[in-house]
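These notes are about the structure you will find just below.
So you know, we letter chains A, B, ... as the sequences are listed, proteins then strands, and number each from 1.
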Amino acid sequence: MNLDTQLRASISTAVATLFNQPVQQLQLQPTNAEFEGSYTLVCFPLTKISKKGPEQTATAIGEYLVANSGIVARFNVVKGFLNLVITDKVWIDVFKSIFVDKNFGLLPSNGKELMVEYSSPNTNKPLHLGHLRNNFLGYAVAEIYKALGYTVHKVQIINDRGIHICKSMAAWKLLGNGETPQSSGMKGDKLVGKYYVEFDKNYKAQIKELIDKGVSETEAEKQAPIMKQAVELLQKWEAKDVDTVLLWKTMNGWVYEGFDATYKRMGVDFEKLYYESDTYLLGKDEVLKGVEKGIFFKKEDGSVWVDLTSDGLDQKVLLRADGTSVYMTQDIGTAILRFKDFPKIEGQVYTVGNEQEYHFKVLFLILKKLGYSWADKCYHLSYGMVDLPTGKMKSREGTVVDADDLMQEMADEAEKQTRELGKIEDLADGQVKELSEMIGLGALKFFLLKVDPKKRMLFDPNESIQLQGHTGPFIQYTHARIRAIVRKAGSMGVKPNENELSQVASLEASEREVIFMINNYINKLNEAARDYSPAVVANFAFDLAKGYNQFYQSIPIFNESDQAKLKFRIAFSEVVADVLKKSMKLLGIEVPEKM
RNA sequence: GGUCUCGUAGCUCAACUGGAUAGAGCAGCUGCCUUCUAAGCAGCAGGUUGCUGGUUCGAGUCCAGCCGGGAUCACCA
């Protein structure tokens with residue numbers, strides 16, 4: 001049985017026996033480093049039923065546990081805090097059960113299914129730093145749920161239609177001279193992005209020209225020829241004009257080739273792709289049904305609205321006066337479609353920036369009003385913006401950090417630092433590249449994931465490229481160093497086995513602490529899943545690596561003459577490496593055997 | 001203006017959801033490589049948790065009011 005639950009059960013029995021009262025909630029927490037013990041019971045809440053002071057209550061429980069539980073060696077009481085020392089035998093048993101469990105950290109299927117949407121870019125420009133946070137977050141959340149036994153469907157909706165792509169198309173037609181990724185050697189998404197920028201430049205120039213001629217600004221924005229062409233392309237596209245659709249397909253195709261390369265390097269994947277061009281007409285029927293049922297209402301001009309004022313929100317349009325859909329309508333339709341495609345999912349997670357919080361609040365309310373019970377299980381994984389030291393990223397000011405460029409810079413920097421440290425002598429060329437990629441991306445992913453998703457964060461390039469301290473490479477390094485120990489043990493013929501582990505009589509403090517952390521791994525995964533926060537896992541991995549390094553530095557493993565202890569420490573090291581690897585894997589970060 | 005959100009060491013972030021003397025990393029200073037990888041470890045220094053009240057055994061955390069950032073309130077997506 002799990003030590004946690006065992007301890008809780010013992011305490012419950014103690015309280016029930018001593019005070020003749022059932023317990024409600026036990027407040028059990030890790031003991032602060034300054035006191036002896038591993039678990040601490042907060043006794044203030046128990047004084048009501050014990051009818052004694054906090055110290056006496058704690059002492060009574062402590063004495064009972066030492067006498068009866070079989071797992072508590074001794075205790076100390078500081079104010080109302082009961083610090084419990086668990087016997088080393090119990091810790092060794094805990095470790096043993098983890099050591100023999102080859103699937104430790106991976107729960108068996110719980111039969112539940114979940115959908116996670118992330119990425120969901122527009123197809124008119126390349127992916128940037130903001131998308132990286134989005135993708136790493138969505139991917140990691142999906143992986144964390146998988147580890148907890150869920151079947152997870154990763155999806156995205158690609159915004160492949162609309163005025164934005166028509167702008168790139170208009171500029172390409174006008175200025176492209178038939179340029180293609182092949183003819184220019186440019187990555188497809190970059191090429192289309194280039195024409196999006198071209199559009200903007202020309203558009204601005206044309207507006208200025210018109211204003212100089214005395215046209216008003218709002219009028220100039222409409223009259224600019226290049227904008228007129230973009231709008232015309234959008235209309236033609238909606239009318240399924242053959243040439244326009246062909247150009248649209250071609251240019252989107254370029255973008256997808258580019259995206260695929262970027263996703264591959266990022267290490268993310270998707271089970272199913274939804275395209276806005278397929279779904280943008282969905283939802284209208286649902287809205288009309290809603291009107292019949294009286295959930296929505298129609299205004300005189302024919303537009304359809306939902307009234308959310310009783311929920312503290314506003315009125316929101318769902319169909320325009322001309323009967324066409326808006327973004328919300330489409331999202332209603334897509335949500336319903338997804339539950340038809342995957343009937344067993346119990347909910348959806350939308351990984352979308354926090355500027356759309358209002359939108360999702362409204363969406364989920366509407367779905368609930370329409371009678372879909374799963375609306376309660378839809379969650380907007382709302383993450384904060386990534387700021388640069390210079391402020392916000394702005395495409396117009398050219399301060400956008402490109403995803404491909406950034407990944408390359410990280411890998412280059414990793415290689416540079418690896419060379420400086422003189423660590424590549426025993427590696428072949430190909431291995432250097434592979435290692436640099438692993439370290440560079442590890443640094444980047446960890447940097448973006450270690451922060452609570454909900455909070456906006458600062459991306460300082462100089463800091464992100466750091467490979468020491470609170471970083472991914474620190475954890476990768478710890479893993480590699482442990483693997484070197486395990487290899488050495490193997491070559492010496494030291495092979496730990498289950499039975500010998502019990503021959504160890506006592507543990508060092510650093511060993512106890514690390515076992516405590518490993519034993520807490522599943523709790524941390526649950527916490528991360530509950531909060532949709534990979535940062536919990538990232539910080540767990542960091543703490544574990546740090547804890548192990550303290551052990552490593554204070555105890556020279558191979559100096560140990562006691563064979564049982566030596567073998568225990570090899571097994572112990574192996575398990576730490578394994579848990580580091582597994583937890584990092586959930587973040588999409590690989591760990592090396594050597595570095 | 002309404003709603004939401006954030007404010008913690010010089011900087012970047014934690015704080016197990018109300019618990020003990022608020023912790024890490026970076027930057028700064030001091031030690032530790034003839035023994036398993038120093039991308040490491042140990043230590044020093046750094047704080048009125050934006051401000052003022054309130055709730056209680058106990059508040060960075062909950063409530064109210066200020067101050068200061070940000071987001072959002074389209075027949076855009």
Side-chain angles (χ1 to χ4, degrees), chain A residues 27-35 40 42-45 47 53-54 78-81 83 122 159 161-164 276 280 299 301-305 312-314 316-322 324-328 330-331 353-359 361 382 384-385 387 389 392 414 417-418 420-421 423 439 443 447 450-452 454-460 462-464 466-471 473-478 480-489 520 523-524 527 530-531 535-536 539 542-543 545-546 549-559 569-570 573 594-595:
Chain A
Q27 282 191 46
L28 199 59
Q29 60 191 44
T31 304
N32 281 12
E34 58 202 295
F35 304 110
T40 294
V42 184
C43 293
F44 300 101
T47 55
V78 181
K79 294 192 254 180
F81 297 93
N83 301 319
N122 289 349
N159 299 301
R161 54 137 241 133
I163 192 69
H164 55 265
E276 201 190 79
Y280 81 108
K299 284 196 178 170
D301 63 2
S303 58
V304 175
W305 295 72
L313 304 175
D314 296 324
K316 194 89 190 167
V317 71
L318 298 177
L319 289 176
R320 296 188 184 100
D322 63 7
T324 54
S325 297
V326 293
Y327 185 53
M328 185 64 73
Q330 167 193 323
D331 267 10
N354 63 8
E355 69 274 9
Q356 295 201 37
E357 260 166 20
Y358 184 75
H359 173 79
K361 217 179 260 180
S382 163
M385 190 178 302
D387 286 325
K392 267 189 187 178
Q417 294 197 32
T418 304
E420 277 169 8
L421 289 168
K423 299 231 177 197
I439 296 172
F447 190 88
K450 72 177 176 186
V451 181
D452 183 341
K454 290 196 287 279
K455 297 188 178 168
R456 67 185 298 147
M457 68 176 292
L458 183 76
F459 184 85
D460 185 338
N462 297 325
E463 203 176 313
S464 70
Q466 278 270 346
L467 309 182
Q468 292 96 17
H470 193 193
T471 67
F474 168 89
I475 300 164
Q476 291 172 318
Y477 175 74
T478 304
R481 207 159 59 168
I482 296 173
R483 295 304 303 165
I485 289 169
V486 174
R487 280 193 301 273
K488 179 172 176 179
N520 206 25
N523 289 340
K524 286 290 178 184
E527 194 185 322
R530 182 198 62 199
D531 295 344
V536 172
N539 289 319
F542 174 73
D543 290 339
K546 189 135 187 74
N549 283 338
Q550 281 164 12
F551 158 81
Y552 173 93
Q553 217 74 218
S554 60
I555 298 166
I557 296 177
F558 291 104
N559 284 3
R569 285 175 184 158
I570 297 302
S573 299
K594 295 178 186 175
M595 78 181 263

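Residues A/His359 and A/Asp331 have side chains that bring a donor and an acceptor to within less than 3.5 angstrom of each other.
Contact annotation: A/Lys79 side-chain N/O to B/U21 OP1/OP2 distance is under 4.0 Å.
Contact of A/Ser554 with B/A42 (side chain to base): no donor-acceptor pair of N or O atoms is detected under 3.5 Å. The base of B/A39 lies outside donor-acceptor range of the side chain of A/Asn549, with no N or O pair under 3.5 Å.
Under the side-chain contact (heavy atoms from CB on, under 4.5 Å) criterion, A/Gln553 pairs with A/Arg481, sequence neighbours left out.
In terms of position on RNA chain B, the residue among A/Met385 and A/Gln468 whose nearest nucleotide sits closer to the 5' end is A/Gln468.
Taken to the nearest 0.5 Å, the CZ atom of A/Phe447 stands 9.5 Å off from the CD atom of A/Gln466.
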How does protein contact run along nucleotides 5-18 of chain B, one letter per nucleotide 5' to 3', with B for base contact, S for sugar-phosphate only, - for none, heavy atoms under 4.0 Å?
-> --S----SSS-BB-
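A/Asn83 has its CG atom 12 Å from the P atom of B/A20, to the nearest Å.
Distance from the side chain of A/Tyr477 is smallest for B/U37 among the nucleotides B/A71, B/U37, B/A20.
Base pairing in RNA chain B gives the following stems of 3 or more Watson-Crick or G-U pairs, range against range and under 3.5 Å: B:1-7 with B:67-73, B:10-13 with B:23-26, B:28-32 with B:40-44, B:50-54 with B:62-66.
B/C51 shows a glycosidic angle more than 90° from 0 and is accordingly assigned anti.
Where stacking is scored as ring centres under 5.5 Å apart with planes under 30°, A/Tyr552 does not register as stacked on the base of B/G40. With its ring centre under 5.5 Å from that of the base six-membered ring and a plane angle below 30°, A/Phe35 counts as stacked on B/A20.
Straight-line distance between the C1' atoms of B/G28 and B/C33: roughly 23 Å, to the nearest whole Å.
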